Amino acid sequence: MRTGAMHQGLDLTDGFDRPGVFASRPPGPVWLIAGLTGVGYYLGTKVGFALTFQPHAVSTLWPPNAVLLAALLLTAPRYWWLVLLAAFPAHLLGQIQGSVPTLQVLAWFASNCSEALIGASCIWYVRRAPLRLKSFGEFCGFIGFGALLAPFLSSFLDIGLLKLIGWGQGEFWSLWEMRFFSNVLASILLVPLILVWRNHLQDARAGQSPAHVFEAVFVVLCVLIVSAVVFKQDFSSGPDSATLFVMLPFLLWAAVRLGVRGTSMALLIVAVASIWAAIHGRGPFVAGSPDQSALTVQMFLIVISIPLLLLAAIIEERGRTQDALRSSEERFAKAFHSSPDAMAILRLSDGHVIDVNDRWQLLFGYSRQEAIGRTTTSLGLFDDVQTRAGLAARIEKEEHLRDLPLDLRTKYGTALKVLMTAEKTEMEGMPCVISILRDVTEQRRVEQEAAEQRRHMTHLTRVAVLGQLSGALAHELNQPLTAILSNAQAAQRFLMREEPDLDELRDILKDIVADDKRAGEVIRRLRALLGRGETQLDHLNVNDIVEETLTLMHGELVARHVSLHTEYDEAVPEVMADRVQLQQVLLNLILNATEAMSEKPSDERVLTVRTACDEAGRAKISVSDSGTGIAPELLDTMFQPFFTTKEQGMGLGLSISRNIILAHAGALWAERNPEVGATLHIQLPACHAEENSDDAIREH
Ligand code: ADP
């Protein structure tokens, strides 16, 4: 039952479960670890023999199996065969003792391997990662599977084979007991020591302060001296077990201050000293028989090692957690103070300021000292208390808010537009909020200016279109005015008769009223188109809008000798749109169409305006002409600002029209007609009854 390997600073384990990681590595470290396993196993055998009660054959502390287990825990499972192979010659070399039959030597190797494999397999299976012994949980797993279960099971195989081969004497259960305890003790003392030293050597940041190194050396020396003193004593004159407790403060010191590494070292010193002393008939563990002495010392060492190692593991884990917490707090503080956005930590209930960063101070004009301890209301950040209270209620409910637009005020009363992102958190048991404010005052101002300029531009182009139509519009106004005049003159003439025909007069006055209304209507529409009113959305009947626009264009179409053809679909849905803007688009398209036909003979100038409901239920208006048509490569380009082919053109009509339609969530595009001319299509979403006409149009 003997085997072993020492290996430190090798990394054959990391990422073992990621395919290809090991395959791509040079084989160097594998051979190194195998070599160290062999050497460690062999040396372990020698130490094991040295700690054997003579003439008894069973060692009190048998390191090779523990070394083999540690080697497997440090190696990826795909290399375990190599580790076991490396241990084999070491096993043979260590076990050649003349009288032991070869079969027995082989049986021991099998049981040793089985122990290491049981322990390592269970741990790998549960963890699916290399064992680092960096947490209490890992430690419990190691003790349960590696230090207790594996020796427990493999001891049956070991002693069973021993009995089968018929070598050695002693009862099955007493041999099983000796083998079990000797292996448990070795695992508890050596595996953590190897693993944590390996961690230490691998961890580049493991450098420790000279004070800590001094403390470690001091404690280890104290344990060494105290062990020498205690275990050198002759207890045969009477047990003085109280002396044993002299070691306790130093072992506790190691557990509390030096972690698993220091504790394992201290325990190993105590173990070697106590076993060595017992073998030589000294110390408190000398019992009647070697078996009894071995068992007593093993029990003592196992019983003190497990709690001390667990204590060390817990303290180390807590220390690491605290370090992680501290460094995470430091990172947060750094990010908080150096953030380019204004940040504040506030108490959720009343907006009491807990902390603010540099950018916040710059933005609001309050220094940290001025702000901390006051509430956002007393600092005057909000114009009214309700906004703050509403905000707090929302954060309370939703836990986090993203990019919420807010209007705030600085210390000097300047209005700020910010986007607030807030996260609810708990600090010292108090609900707090971490808010990040992005100042968008300037951005909003620029956006507003741009929108205002776009509005100006839209208005100006509309006025320009109307300018182009002025002749036709004047004619449109002249017609009713002339009719009114001639009707009025006719009425005057009727009145000069002796018996004026009153029915005739009534008809004349009716005509005058109708003509006046017609003129008034033209003026009303022109005023609307010329005005710079705010965008206003209404439920509009598409056919009505087309009809109104064509009425305005009537004179122009007549003047240009364009014959108009209309196809109204009664099923066309209503749209939610701004009347003036939609008319502007139509005016523009119709004007472009008439201009495109200006070079055609007058009898070939046909304008067709259709309305329809498309397959998706949207409203569609198409303006077709029989003009020059559009080159395929210009179908998109013509919508770009300042694209024009006309001498007097501005090239803005289509780009503004498309923006208007896009702002209405619609589409505007051009198409070449199959035979002659072009068609421009407007598509607008149908409006639903529940849509609110007060909704602002999307800025275009
Ligand atoms: P403008 O009328 O000032 O040139 P627009 O943006 O309204 O500006 O039109 C841009 C260009 O698109 C026009 O110059 C013309 O070349 C082309 N275009 C627009 N409508 C038509 C059409 N119905 N047929 C042919 N070309 C057209």
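These figures come from a predicted structure and were not determined experimentally. Because only heavy atoms are used, hydrogens play no part in the values below, and waters and symmetry mates are left out as well, while side chains stay in.
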S.K.: Rounded to the nearest 0.5 Å, what's the gap from CE on Met420 to CG on Leu406? Could you check?
M.R.: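 Reported value, rounded in 0.5 Å steps: 5.5 Å.
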S.K.: Would you check if Lys424 and Val433 make a side-chain contact, meaning some heavy-atom pair closer than 4.5 Å?
M.R.: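 Answer no - side chains too far apart.
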S.K.: With side chains defined as the heavy atoms from C-beta onward, is the minimum distance between Leu416 and Thr410 less than 4.5 Å?
M.R.: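 Touching, per the 4.5 Å side-chain cut-off.
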S.K.: Measure from the side-chain N and O atoms of His664 to the backbone N and O of Gln581, and report whether any donor-acceptor pair falls under 3.5 Å.
M.R.: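 Checked: no pair found.
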S.K.: Taking atom types as modelled, find out whether Gln584 and Thr461 have a side-chain donor-acceptor pair closer than 3.5 angstrom.
M.R.: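 Yes.
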S.K.: Using 4.0 Å as the upper bound for N to carboxylate O, is an ion pair formed by Asp341 and Arg438?
M.R.: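 A salt bridge links Arg438 with Asp341.
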S.K.: Do Glu317 and Arg320 meet the salt-bridge criterion of a basic N to acidic O distance under 4.0 Å?
M.R.: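 Looking at Arg320 and Glu317, the cut-off is not met.
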S.K.: List in chain and number order the residues that pass ring-ring contact (aromatic ring centres under 6.0 Å, His included) with His681, two or more places apart in sequence or in another chain; answer none if no residue qualifies.
M.R.: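 By the ring-ring contact (aromatic ring centres under 6.0 Å, His included) rule, His681 matches Trp669.
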S.K.: For Ser657 and Asn588, test the side chains for any donor-to-acceptor distance below 3.5 angstrom and give the result as yes or no.
M.R.: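 On atom types as modelled, these side chains qualify, holding a pair under 3.5 Å.
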S.K.: Can you list the residues that meet the side-chain hydrogen bond (donor to acceptor under 3.5 Å, both in side chains) rule with Lys517, with sequence neighbours excluded?
M.R.: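 By the side-chain hydrogen bond (donor to acceptor under 3.5 Å, both in side chains) rule, Lys517 matches no residue at all.
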S.K.: Heavy-atom count check: over 12 atoms from other residues, nucleotides or ligands less than 6.0 Å from Phe214 CZ?
M.R.: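 12 or below, so no.
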S.K.: Hey, could you give me each pair passing ring pair (Phe, Tyr, Trp, His ring centres under 6.0 Å) that has a residue in residues 361-400? Not counting sequence neighbours.
M.R.: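 For residues 361-400, and leaving out neighbouring residues, the ring pair (Phe, Tyr, Trp, His ring centres under 6.0 Å) pairs sorted by first residue read Trp360-Phe364.
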S.K.: Mind running salt bridge (Lys or Arg N to Asp or Glu O under 4.0 Å) on Arg610 and Asp569 for me, showing each step along the way?
M.R.: CA-CA 8 Å; Arg610 291 187 193 88; Asp569 181 353; over 6 Å; no
S.K.: For Thr375 and Asp350, does a side-chain donor sit closer than 3.5 Å to a side-chain acceptor?
M.R.: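 Per modelled atom types, Thr375 and Asp350 side chains form no pair under 3.5 Å.
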S.K.: Heavy-atom count check: over 12 atoms from other residues, nucleotides or ligands less than 6.0 Å from Arg257 CZ?
M.R.: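 Counting neighbours around CZ of Arg257, 12 or fewer heavy atoms of other residues, nucleotides or ligands fall under 6.0 Å, so no.
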S.K.: Do Arg444 and Glu447 meet the salt-bridge criterion of a basic N to acidic O distance under 4.0 Å?
M.R.: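 Yes, charged N to carboxylate O under 4.0 Å.
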S.K.: May I ask you to say whether Glu329 pairs ionically with Arg326, meaning some side-chain N is under 4.0 Å from a carboxylate O?
M.R.: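 A salt bridge is absent here (no side-chain N lies under 4.0 Å from a carboxylate O).
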S.K.: What I want to find out is whether Arg402 reaches Glu423 closely enough, with some N-O distance under 4.0 Å, to be called a salt bridge.
M.R.: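 Yes, this pair counts.
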S.K.: Charged N to carboxylate O below 4.0 Å: is that the case for Asp383 and Arg409?
M.R.: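 So Asp383 pairs with Arg409 through a salt bridge.
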S.K.: Got a sec: does the NZ of Lys134 have more than 12 other heavy atoms crowding it under 6.0 Å?
M.R.: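 Yes, the 6.0 Å shell around NZ holds more than 12 heavy atoms from other groups.
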